[in-house]
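Reminder, nothing fancy here: chain letters follow the sequence lines and each chain counts from 1.
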There are 2 protein chains.
Amino acid sequence: MSSERLQADIETNAEFGAIDTDEGRGRTVLTGSSADRAAREYFVERLEDAGLTVSVDVIGNIAGRWVPPEADPTAAPVAVGSHLDSVPQGGIFDGPLGVYGALEAVRALQESDITLDRPVLVVSWTEEEGIRFDTGLLGSAVAAGVTPLSEALSLQDDDGITVEAALEDIGFRGADTLDPAGWDAWFELHVEQGRELESAGASVGVVEAISGITNCRVIVSGEANHAGATQMYQRRDALAAASQFVLDVEQAARDVANTMSESAVGTVGNMAVSPNANNVVPGEVTLTVDVRDVDRAAMDRIVDSARASAARIERDRPVETEFDQYRLTEPSGMAERCVSAVVAAADSTATDMMRMHSAALHDTANLAEQTDTVLLFAPSRDGISHNPLEWTDWVDCATATRVLAGAIADVAAESAHIPE
Amino acid sequence: MSSERLQADIETNAEFGAIDTDEGRGRTVLTGSSADRAAREYFVERLEDAGLTVSVDVIGNIAGRWVPPEADPTAAPVAVGSHLDSVPQGGIFDGPLGVYGALEAVRALQESDITLDRPVLVVSWTEEEGIRFDTGLLGSAVAAGVTPLSEALSLQDDDGITVEAALEDIGFRGADTLDPAGWDAWFELHVEQGRELESAGASVGVVEAISGITNCRVIVSGEANHAGATQMYQRRDALAAASQFVLDVEQAARDVANTMSESAVGTVGNMAVSPNANNVVPGEVTLTVDVRDVDRAAMDRIVDSARASAARIERDRPVETEFDQYRLTEPSGMAERCVSAVVAAADSTATDMMRMHSAALHDTANLAEQTDTVLLFAPSRDGISHNPLEWTDWVDCATATRVLAGAIADVAAESAHIPE
């Protein structure tokens, strides 16, 4: 395989939606934006350059299909990939490493003398981050039958633009379908977005379980009023009440992480204050709670604490609260057969590998109910991601891609050996 | 005087920038908006209908001048007015009651047989609320020499549009100047925006002192990171840290109100979270602290506590804080001569009047160093303002306007009597 070719692809992709930043290297690639269009068009070009047959499905997922010379074109394919969209001011590896790592693995297999029995699909999923349309893992959820297509297409952004219109606008509302239930296996390479690999000095992680995730929307309603003329005892300050809630969620997640499951996390990441003027006591605050763990009981404990906090705040302060747990994805286990293929590929290239959990959710979680799946991690410097400072050394990108190629080969052909 | 004419003017003015709202009656009139232009054009029309000579000054303040038949046109005028702009989703009385109450008082005096010795000015100040350009009381600050004209004109909104361009855009960048130092006196009628009059069952308040105000901008910097993969102990969560700060400011203001000066208030009214995505640990929060009281020492106590909170949070959590006290307006006392004129006018019409402080800042505070000033309050239902539920009964509007007219007459002519 060529680490230079992989690096060149990721660096070219990083130009789409690139942002000005003092430190690091960032990009903003929201689904259906011009940056997304450019990233997708370049990816299609690179698939075609490698001789893959490209299709775009009904929710904009892109797949490149390669039928190896000796393979049975009707055999269940091995699929591999990730996503190309990003959070606002995100990093350049989160998603693209897995997409271009998959393509580079295929190119390496094409150039090797390994005989493969099955076709290989290289896939990029739509709207993994869920920023513009507030629903992450969207493309894989539709492919896996978790979310009905009509529901996904009619999701709207803040301006009332639907997913369907956004995809049509960039020319990526396709007609094909992807059926993960018909796949032999699914592999995804992703950056860790944590510090475990770095701390352990390992080059690759093989994930045995992915955290579940649940989201709750909380609305705190008080009364907007003049910040000068409303005395302290007369106030119904929604922001002060919401601030107590944020601290309670943090404390609950810390307690659960310390006593029950150390990987458990709880976050209030966004907050909208109304009317948000410096001379008005805030009348309403809307915020989202994000809770994740591989242990469903630990997740429930944090959500229960958050719900109890909202109720307590409503009793203690002159505000009302609404608490809506609107999303729940269960924790999911990976297939032992795929995990073993990754372990074998790492062993045969003498790569330092560690078994771990993923606290971040990935498209792989949607696919785990449909086919045998596994997730591979490459190290993230300082654990930083969703930030221009996100970084994975190019040598680590190449090492993980080499293991990925070996694992694909292992699954796609009993007789396969690791490509050099 | 005609309460119907006053009500009709305020209700017509309420149509400019009117918003859809389930309850109450709201408007959004930001400086330089099309709603502001419409409100100003209607006001000019009504001044001219009443025979006043209209001028627009260099910062867009509008003045209508009336020289009573027996008056000396060269005598120092008595000026009276308020403002027409609003906060986002504000009420219909905050500002317009004082502007149209001033005009109605003049019309009442014109129709009476009172002999006045001095000209009367009816004034509407530019950008009182300070929403679009983040600097309140702007028009009166320029007129009073508190803010240099060039500085005021070059203030920018969030889109980089200057005050000068915004005023030119709506045709209200004038060439005249207003000189409060040359005025005999200044009167402003405003809604109370508090509950004191309502609680006391009084129809009019005469303000003896206006609270000072100080604003501080606080930036809390942590590190944006993945909400799933960043374990609790690894986080540098700017929103959790900012939440602690919000609660500390609330507690400090409550403590000072309970122990030192009951009118003291401290508010965090706006907050910007970055990147503000539900799956990202917040990396930065910017917020504003607003502190007010008639007692400067009480204000300082709250600001000192807020500064100490920021320092403590920086010690206790892995975040950095910046604390910038960027604005300070001292508390100001009203002129006994003007207060007495209001008291006499209320007495002679058997109006229930109470002496009080203003916790809300007003243009009058800027003028108090330049001339003799007084502020009158009309009751606010439930103390609500800066909200579509803001309400002052029409009969209270009329009563306060009658007292205003009497007080103007008292100051503008020794021999004057209260008009009916």
When the 4.5 angstrom heavy-atom criterion is applied to A/S385 and chain B, the contacting part is both
Go through it in stages, so that I can follow the logic: the residues are A/V220 and A/F245, the test is side-chain contact (heavy atoms from CB on, under 4.5 Å), and I'd like the CA-CA distance, side-chain angles, deciding distance and then a yes or no. CA-CA 10 Å; A/V220 180; A/F245 180 81; 5.6 Å; no
Please state whether the side chain, the backbone, both or neither of B/N215 comes within less than 4.5 Å of a heavy atom of chain A. side chain
Counting heavy-atom pairs under 4.5 Å with chain A, the top scorer among B/Q231, B/M232, B/H357 is B/M232
Quick one: ring pair (Phe, Tyr, Trp, His ring centres under 6.0 Å) partners of A/H362, sequence neighbours excluded? A/H190, A/F377
When heavy-atom pairs shorter than 4.5 Å are enumerated against chain A, which of B/G90, B/P88, B/G91, B/G266 gives the highest number? B/G266
Could you grab the distance from atom CG of A/D363 to atom CD of A/E128, nearest 0.5 Å is fine? 5.0 Å
Proximity breakdown for B/A264 and chain A, heavy-atom pairs closer than 4.5 Å: backbone
Of the listed residues (A/G283, A/A242, A/P275, A/G269), which shares the most heavy-atom pairs with chain B below a 4.5 Å separation? A/G269
Residue pairs fulfilling ring pair (Phe, Tyr, Trp, His ring centres under 6.0 Å) with at least one residue in residues 209-228 of chain B, sequence neighbours excluded: A/H386-B/H226
In terms of side-chain geometry, is the basic nitrogen of A/R132 or A/D85 positioned less than 4.0 Å from the acidic oxygen of its partner? no
What residue in B/R254, B/E129, B/E192, B/Q89 has the most heavy-atom pairs under 4.5 Å with chain A? B/R254
Side chain, backbone, both or neither: which part of A/A241 has a heavy atom under 4.5 Å from chain B? neither
Heavy-atom check, side chain of A/L138 versus side chain of A/L155, under 4.5 Å: yes
Please rank B/N387, B/T288, B/N278 by heavy-atom pairs under 4.5 Å with chain A and give me the top one. B/N278
Are the side chain of A/E390 and the backbone N or O of A/F93 linked by a donor-acceptor pair below 3.5 Å? yes
Salt-bridge test for B/E198 and B/R381: reply yes if a basic N is under 4.0 Å from a carboxylate O, no otherwise. no
Measuring from A/I384:CD1 to B/N225:CG, what's the distance to the nearest 0.5 Å? 6.0 Å
At a heavy-atom separation under 4.5 Å, does B/V273 approach chain A through its side chain, its backbone, both, or neither? side chain
Over 12 non-hydrogen atoms of neighbours within 6.0 angstrom of CZ in A/R236: yes
Heavy-atom distances under 4.5 Å only: say whether A/V87 touches chain B with side chain, backbone, both or neither. side chain
Counting only non-hydrogen atoms closer than 4.5 Å, does A/D134 touch chain B with its backbone (N, CA, C, O), its side chain (CB onward), both, or neither? side chain
Choice from B/A224, B/G194, B/G130 maximising heavy atom contacts with chain A below 4.5 Å: B/A224
When A/V281, A/V280, A/V289, A/V291 are compared by non-hydrogen pairs under 4.5 Å with chain B, the top option: A/V280
Heavy-atom contact with chain A under 4.5 Å, split by part of B/L239: both
Would you check, one step at a time, whether the test side-chain contact (heavy atoms from CB on, under 4.5 Å) holds for B/D290 with B/I213? CA-CA 7 Å; B/D290 181 293; B/I213 178 170; 3.5 Å; yes
Between A/N258 and chain B, with a heavy-atom cut-off of 4.5 Å, which part of the residue counts as in contact: side chain, backbone, both or neither? neither
Beyond-backbone contact of B/R235 with B/R317, side-chain heavy atoms, under 4.5 angstrom: no
Options A/A253, A/G383, A/A277, A/S380, ranked by heavy-atom pairs under 4.5 Å with chain B, top entry: A/A277
For chain B, the option from A/G136, A/S358, A/A240 that forms the most heavy-atom pairs under 4.5 Å: A/A240
Okay, B/S243 and chain A: the region with an atom under 4.5 Å from a heavy atom over there is both
